[in-house]
Amino acid sequence: MTSPLSRSRSRRVPSHIAVRVAHAVLGGLVAMGWLVLPLARAGADTPVVRTRDTDVAARPVTTAQDGTTTGDLVPPLVAAGAAGALAAYGYGRRRRRATTRTTPGGDTELTPLHELDDEARRLLVETDDCVRVGAEELALAADRSAGDAIEPYVYDLRHAEAALAAAFRLRQRLDETEGTGVDPAQDDSDRREALEEIVAHCRDAGERLDAAAPGFDQIRALERNAVAALESAEARFREVAARIRGAEATLAELHERYAPAASLAVAGDAEQAKDRLLFTTSHLNQARQYADRGDGAKAAAHLRAAEGALGQALDLANGVERLAAELDSAAAGLPAALTAAEDSWNTARALPAEARAGLVGRLGHLEVVLSAVRHETAAGPHDPLDALRRVTEAAAGLAGAVGGDVPEGHGQALLPARSALAGAACFIGTHGGVVGSEARTRLAEARRLLGPGTVPLSEALKADDLAREARRLAERDVRAYGNPSGGRGGAGAGGAVLGGILLSDGEGGPMSYGGPRTRGRRGAFFT
């Protein structure tokens, strides 16, 4: 029996089975040749005696008492040589495979599995950050560059995104199947192959962005165009500051209209946005000072840090406004969802007794949920997103047990899932300096399930669970990290480190478009 991971892993992972089958087929062909060739040679060596009327085959002429010709020794020798060649090929292949899996010190032993796992996790985080920052810088470059100029870098980023998505997909399958196989040795082999492919995908993405970084610097030209870029950033700063003030007012309204739990996910976002804005102010001032002195390199480094913080401040403010709109939509759609769920309950109750016997638990659960939600909505401020989620899940469970379709009113089921996905993405993106691979992997899988096009309800519910798990895991990572120190980044630097805007606690400078080798290239000018 094969392990679940081997059945679910990417087809790009090499298979030992295919190689063994090929070896077996080749060996069989050699053996057939060994058997057939002597017969063919015997027929060819039989002398023919010409008579007057017809050709009559004479008896074979032998050269030894056992009836074997010298040519009969050739097939065994050929077979032995072929077998030896196959053995040498297999041995060489195994040696090459082992050589490509060496430790950094050059030892021919396989990299320990836990070390390979650690490397895969590190590269997932690193590559995810590079892709996120690359998208941010491309958006900024698009505002001041012609479309055909940035098109190659958009293509490079899309390539990196696809490689990263494949790596996250493998990591998710790996986490889902861990420890579920029947053969521990096979499990380890499958796990190693999956981890090696994750590493390969991440390195491919990073190398692609690293190679594009020098050309992208020529397109953005922050060092040469620092003054124009500063004016654009300062104008954007004023817009973001107004958005933050609006987010604070929106948050106050949410506290009045809905239960406290409804806005808990964004409770501190406005304050964090102001912290990022404080950091932005400091570095825009420093960028202006260096630009006035003609030091374009240092001006560009501080400008890039300010741009990163400004982007996160806007994301945090937008997150508050987005949640407010989602809560309003959920409140508007909840009555229809309740009605559709009640129709499902009534339909199931009308089934014959024998068909209804297996639905008692689900019927009871849906009835309890409907009663609780109706009581909450009548009692006063509540959380409409959570209520909609519970109604949808309970009704979907009943519909699945009956074998029917989910009622049409449950089209609102996507709203809680998409809200959870957007909230998790904002939290991870604005805390990227400390969030690990596990939360990012769950987020990537939820995003895949909620992709464009029609989304089945079962996938929407799973994506909702994954997105909320991603948020919980990310919050765990942030709590474990604690309060970041200010470092050398000045005012607001702690939040900038938390958000991944600055590398190495403010000492590595701001992140820029590029892969792992080039993303911190402005750090040398960040003082």
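Remember, predicted model here, so these are calculated numbers, not experimental data.
- Listed for the Asn285 side chain is a donor-acceptor partner under 3.5 Å among the backbone atoms of Thr281.
- Across all their heavy atoms, Ser437 and Val125 have their closest contact at N-CG2, 3.4 Å.
- Taking the charged nitrogens against the carboxylate oxygens, Lys274 and Glu271 do have a contact shorter than 4.0 Å, which makes a salt bridge.
- Ion pairing between Glu161 and Arg158 holds under the 4.0 Å rule for side-chain N and carboxylate O.
- Contact between Ile244 and Ala313 at its shortest, heavy atoms only, is CD1-CB, 4.2 Å.
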task = Start with the C-alpha gap between Val478 and Phe427, add the side-chain angles, then the distance that decides, and say whether side chain to side chain contact (heavy atoms under 4.5 Å, CB included) holds.
result = CA-CA 10 Å; Val478 172; Phe427 186 87; 3.9 Å; yes
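- In this structure, the separation between NE2 on His302 and CG on Leu222 is 13.0 Å, given to the nearest 0.5 Å.
- In this structure, Gln312 CD and Asp315 CG are separated by 7.0 Å, a value rounded to the nearest 0.5 Å.
- Within the 4.5 Å cutoff, side-chain heavy atoms of Leu113 are placed close to those of Leu195.
- Counting only distance, with no hydrogens or angles, the side chain of Ser419 and the backbone of Leu415 share no donor-acceptor pair below 3.5 Å.
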_Between Thr441 and Glu438, does the side chain to side chain contact (heavy atoms under 4.5 Å, CB included) criterion hold? Intermediate values first, please._
CA-CA 5 Å; Thr441 300; Glu438 198 173 0; 5.8 Å; no
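- Arg171 forms no cation-pi arrangement with Phe168, by the criterion of a distance under 6.0 Å to the ring centre and an angle within 45° of the ring axis.
- Inter-residue side-chain proximity for Glu326 and Arg418 is flagged as unmet; no heavy-atom pair is nearer than 4.5 Å.
- With salt bridges taken as basic N to acidic carboxylate O contacts below 4.0 Å, one links Arg304 and Glu136.
- Residues Ser263 and Tyr258 form no side-chain contact, since every pair of their non-hydrogen atoms from C-beta on lies 4.5 Å or further apart.
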* To do: Go through the steps to decide whether Arg448 and Glu459 satisfy the test salt bridge (charged side-chain N to carboxylate O under 4.0 Å, His left out), and finish with yes or no.
  => CA-CA 10 Å; Arg448 185 189 71 82; Glu459 293 193 359; over 6 Å; no
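- When only modelled atom types and interatomic distance are considered, Thr518 and Asp210 share a side-chain donor-acceptor pair under 3.5 Å.
- Counting only N and O atoms by type, the side chains of Asp156 and Tyr513 include no donor and acceptor under 3.5 Å apart.
- Looking at Ser232 and Asp143, their side chains never come closer than 4.5 Å, going by heavy atoms from C-beta outward.
- With a 4.5 Å cut-off on side-chain heavy atoms, Leu466 and Leu443 do not count as touching.
- Taking all atoms of both residues into account, the shortest heavy-atom contact from Cys130 to Gly515 is SG-C, 3.6 Å.
- For the residue pair Asp477 / His431, no side-chain donor-acceptor distance below 3.5 Å is found, with atom types taken as modelled.
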Check the pair Glu239, Arg243 against side chain to side chain contact (heavy atoms under 4.5 Å, CB included), reporting the backbone distance first and the verdict last. CA-CA 6 Å; Glu239 295 174 2; Arg243 293 294 297 271; 5.5 Å; no
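- With rounding to the nearest 0.5 angstrom, the OG1 atom of Thr127 is 11.0 Å from the CD1 atom of Ile198.
- Under the 4.5 Å side-chain criterion, counting only non-hydrogen atoms from C-beta, Glu231 is not in contact with Arg236.
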Full working for salt bridge (charged side-chain N to carboxylate O under 4.0 Å, His left out) between Asp204 and Arg208:
CA-CA 6 Å; Asp204 176 39; Arg208 188 68 170 257; 5.5 Å; no
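- A salt bridge between Arg122 and Asp118 is absent, with no side-chain N of the basic residue lying under 4.0 Å from a carboxylate O of the acidic one.
- Separating the CG atom in Leu310 from the CG atom in Leu284 is a distance of 7.0 Å, to the nearest 0.5 Å.
- Contact detail for Pro384 and Leu327: the closest heavy-atom pair is CG-O, 3.5 Å.
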Requested in this report: Could you go through the ring pair (Phe, Tyr, Trp, His ring centres under 6.0 Å) check for Tyr155 and His159 one step at a time?
Outcome: CA-CA 6 Å; Tyr155 179 79; His159 176 92; 7.1 Å; no
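- Residues Glu475 and Ile428 form no side-chain contact, since every pair of their non-hydrogen atoms from C-beta on lies 4.5 Å or further apart.
- Taking CD of Glu196 as the start and OG1 of Thr111 as the end, the distance is 8.0 Å to the nearest 0.5 Å.
- Distance check, rounded to the nearest 0.5 Å: CG of Leu230 to CZ of Phe237 gives 13.0 Å.
- Gln172 and Arg442 form a side-chain donor-acceptor contact under 3.5 Å, judged by distance and modelled atom types alone.
- Among all heavy-atom pairs drawn from Ile219 and Ala149, the shortest one is CD1-O, 3.9 Å.
- If you check the side chains of Ser512 and Arg522, you find a donor sitting under 3.5 Å from an acceptor.
- With Arg476 contributing its side chain and Arg471 its backbone, the two residues share no donor-acceptor pair below 3.5 Å.
- When atom types are taken as modelled, the side chain of Asp295 and the backbone of Tyr290 share no donor-acceptor pair closer than 3.5 angstrom.
- Of all the heavy atoms in Ala167 and Cys202, the pair that sits closest is CB-SG, 4.0 Å.
- No side-chain heavy atom of His283 sits under 4.5 Å from any side-chain heavy atom of Leu303.
- Under the 4.0 Å criterion applied to side-chain N and carboxylate O atoms, Arg220 and Asp217 are not assigned as salt-bridge partners.
- A donor-acceptor pair under 3.5 Å is absent between the side-chain atoms of Arg121 and the main chain of Leu116, judged by distance alone.
- A salt bridge links Arg203 with Glu119: at least one charged nitrogen is closer than 4.0 Å to a carboxylate oxygen.
- Arg191 places no side-chain N or O within donor-acceptor distance of the main-chain N or O of Asp117, the cut-off being under 3.5 Å.
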